[in-house]
Amino acid sequence: MFKYEVLHTCKQTGARVGKLTTPHGEIITPVYMPVGTNAGVKGLTPEQVKAAGAQIVLSNTYHLYLRPGSDIVERAGGLHKFMNWNKPILTDSGGFQVFSLSSMRKVTDDGVKFSSYYDGSAHYLTPEAAIKVEEQLGADIIMAFDECTAAGTNYRKSVGAMQRTLSWLERCVKAHTREDQMLFPIVQGNLFEDLRVESVKATAPFARCGMAIGGLSVGEPKEVMYKMLDVIRPYYPQNQPIYLMGVGSPDCIVEGVLRGIDMFDCVLATRMARNGAAFTRRGNITVRNGAYKEDFTPVEEGCDCYCCQNYTRAYVRHMLNVGEIGGGQLLSIHNIRHLTRLTEDIRAAIMEDRFGDFVENFRKGYDWKVKG
RNA sequence: GCCCCUAUAGCUCAGUCGGUAGAGCAUGCGGCUGUUAACCGCAGUGUCAUAGGUUCGAGUCCUAUUGGGGGCG
């Protein structure tokens, strides 16, 4: 039911193009996966997400467990039917929320006690409970329940979180019953090279068709993240897709693929869009800025997305400016398409054994933030 | 005609017992990486309607004028 095959390995860089088969279709990697936390990519319909080139979307166990309740999603016929998305879906386990909503939780070896972010009600999530919720939701790929730590967490706590993640992984594997879902284990270890190596070595044996790298892009400099990827790369399970969780700015995707990553997800594209900024191949532009008031060119020249094909920067800025949701919507379409197009270009370069040149050119032409 | 209210940032308005002014919105800019985020942060600007008066000192008290709003005839 699940299969991953490497279609081509770049002779210049060792980066690869692959095909991951799931019950809801194939995914060509490297892939960028838009995030639809609450069973919907913010601001967009599934049709728009599809049109932007998405092959798979993420959704979130934690959020759907709280609202509307995973039992309701199950009774609705599962997540695919509920959100009208017939392509592959990946659900995050809630491990990241345990981390990002840390002010209202208590972690023990058994599980996590937390209060709901919207009504304060008390809840208790364990690896078994998280897996059960993910089975009710019914995504194609489900994530193990892990403990993520922030950049700057000390060694002792990082060891604890890494070990807890491993013991939780064993419990997740044991609790997982649905054959039509692939469980991805997650590597932790914070920013300590030895812990990362220890974690990847212990985690890889649990990977059947895919493994994830968690706990990166949590506040550390990009160079540190790249270094961590270099350190663990030799220990990846063979012929399985590797998923770098939560990462997805254009530059991080390029650098990630160069370091053996096949799958990315990120809220940045849609969040930055709603906040008025657009990805371009040269870097990010803040479309809401006054400089674009009378700029009647597309957000990105040469982009084939619905936004760039039909609207100008001046119009998008106006929409943002007057508070119309259309502005964030158009930019979300653009930013998602920008990343799917970027991965398409990356794949083409890999297929033609010129990804090294591609990376060089990309780095030369890219700044995080640009004007015009 | 008489009476009352009002005039402070681009807009809407605070401003204590007299001690040379602030919020929100708007504007400008910055940030955003397994979404508690259509969010968060920073910044700028004022002949305090005008002219007098009282006072050491007036956005604040007094007088007049002008603009705006309302009431009674």
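The sequence lines fix the lettering, A, B, ..., with proteins before strands; numbering per chain opens at 1. Keep in mind it's a predicted model, so treat the numbers as computed, not measured. Atoms considered below: every heavy atom in the structure, side chains included; atoms not considered: hydrogens, waters and symmetry mates.
Between A/E344 and A/R337 there is a salt bridge, since at least one side-chain N of the basic residue sits less than 4.0 Å from a carboxylate O of the acidic one. With salt bridges taken as basic N to acidic carboxylate O contacts below 4.0 Å, one links A/R164 and A/D109. For A/D230 and A/R196, the salt-bridge test fails: no basic side-chain N is under 4.0 Å from an acidic carboxylate O. A salt bridge links A/K19 with A/E26: the distance from a Lys NZ or Arg NE/NH1/NH2 to an Asp or Glu carboxylate oxygen falls below 4.0 Å.
At a threshold of 4.0 angstrom between heavy atoms, the contacts of A/G215 include nucleobase atoms, whether or not backbone atoms are also involved. Contact annotation for A/S116: no contact, since no heavy-atom pair falls under 4.0 Å across all strands. Note on A/D265: only backbone sugar-phosphate atoms sit closer than 4.0 angstrom, heavy atoms only; bases stay farther off. Nucleic acid contact class of A/L58 (heavy atoms, under 4.0 Å, all strands): sugar-phosphate only. Residue contacts for A/G248: at a heavy-atom cut-off of 4.0 Å it reaches a base atom on one of the strands shown. Residue contacts for A/R67: at a heavy-atom cut-off of 4.0 Å it reaches no nucleic acid atom on any strand shown. Within the nucleic acid shown, A/N321 comes within 4.0 Å of sugar-phosphate atoms alone, with no base atom in reach, counting heavy atoms only. Backbone-only engagement by A/K369 is indicated by non-hydrogen atom pairs under 4.0 Å involving sugar-phosphate atoms exclusively. As judged by a 4.0 angstrom heavy-atom cut-off over every strand, A/E220 is placed among residues making no nucleic acid contact. Counting any heavy atom pair closer than 4.0 Å across all strands shown, A/K371 reaches sugar-phosphate atoms only and no base atom.
In terms of phosphate contacts, A/R271 brings a side-chain nitrogen or oxygen within less than 4.0 Å of OP1 or OP2 of B/rU33. Here A/T37 reaches the OP1 or OP2 of B/rU35: one of its side-chain N or O atoms lies under 4.0 Å away. At the phosphate of B/rU35, OP1 or OP2 sits under 4.0 Å from a side-chain N or O atom of A/Q97. Listed pair A/K42 / B/rA37 meets the phosphate criterion, a side-chain N or O lying under 4.0 Å from OP1 or OP2. The side chain of A/N275 contributes no N or O atom lying less than 4.0 Å from OP1 or OP2 of B/rA37. The side chain of A/W368 places no N or O atom within less than 4.0 Å of a non-bridging phosphate oxygen (OP1 or OP2) of B/rG31.
B/rU35 atom P lies 13 Å from atom CG of A/L268, rounded to whole Å. Rounded to an integer number of Å, the gap from CG of A/L320 to C1' of B/rG28 is 15 Å. Atom pair A/M33:CE and B/rG34:P shows a separation of 11 Å (rounding to whole Å applied). When rounded to the nearest whole Å, the span between CG of A/L331 and C1' of B/rA38 equals 11 Å. The separation between A/F99 atom CZ and B/rU35 atom C1' is 13 Å, rounded to whole Å.
Here the side chain of A/S100 is nearest to one of B/rG30, B/rU33, B/rU36, namely B/rU36. Closest to the A/M272 side chain, of the nucleotides B/rC32, B/rG34, B/rA37, is B/rC32.
Across the P atoms, B/rA9 and B/rG24 are found 16 Å apart, a figure rounded to whole Å. Straight-line distance between the P atoms of B/rG53 and B/rG22: roughly 28 Å, to the nearest whole Å. Rounded to whole Å, the C1' atom of B/rU54 lies 8 Å from the corresponding atom of B/rC61. Distance noted for atom P between B/rG69 and B/rU8: 15 Å (whole Å).
Atom CD of A/Q238 is surrounded by 12 or fewer heavy atoms from other residues, nucleotides or ligands within 6.0 Å. Environment of NZ in A/K227: sparse, with no more than 12 heavy atoms of neighbouring residues, nucleotides or ligands closer than 6.0 Å. Within a 6.0 Å sphere centred on CZ of A/R282, heavy atoms belonging to other residues, nucleotides or ligands number 12 at most. For A/K222, the NZ atom is densely surrounded, since the number of other residues' heavy atoms within 6.0 Å is greater than 12.
Of the nucleotides present, B/rU66 is the one that pairs with B/rA7 by Watson-Crick or G-U wobble criteria, both distances under 3.5 Å. Pair assignment for B/rA21 gives none, since no Watson-Crick or G-U wobble pairing has each distance under 3.5 Å. Base pairing of B/rU27: its partner is B/rA43, meeting the Watson-Crick or G-U wobble criterion (both donor-acceptor distances under 3.5 Å). Across all strands shown, B/rG71 is found opposite B/rC2 as a Watson-Crick or G-U wobble partner, with both distances under 3.5 Å. B/rC61 and B/rG53 make up a base pair, with Watson-Crick or G-U wobble contacts both under 3.5 Å.
The base of B/rC29 has none of its N or O atoms less than 3.5 Å from a complementary donor or acceptor on the side chain of A/N289. Applying the 3.5 Å distance criterion, the base of B/rG30 shares a donor-acceptor pair with the side chain of A/R288. At a cut-off of 3.5 angstrom, counting only N and O atoms as typed in the model, there is a donor on one side and an acceptor on the other between the side-chain of A/K222 and the base of B/rU33.
Where A/K293 and A/Y243 meet RNA chain B, the nucleotide closest to each residue was compared, and A/K293 sits on the side nearer the 5' end.
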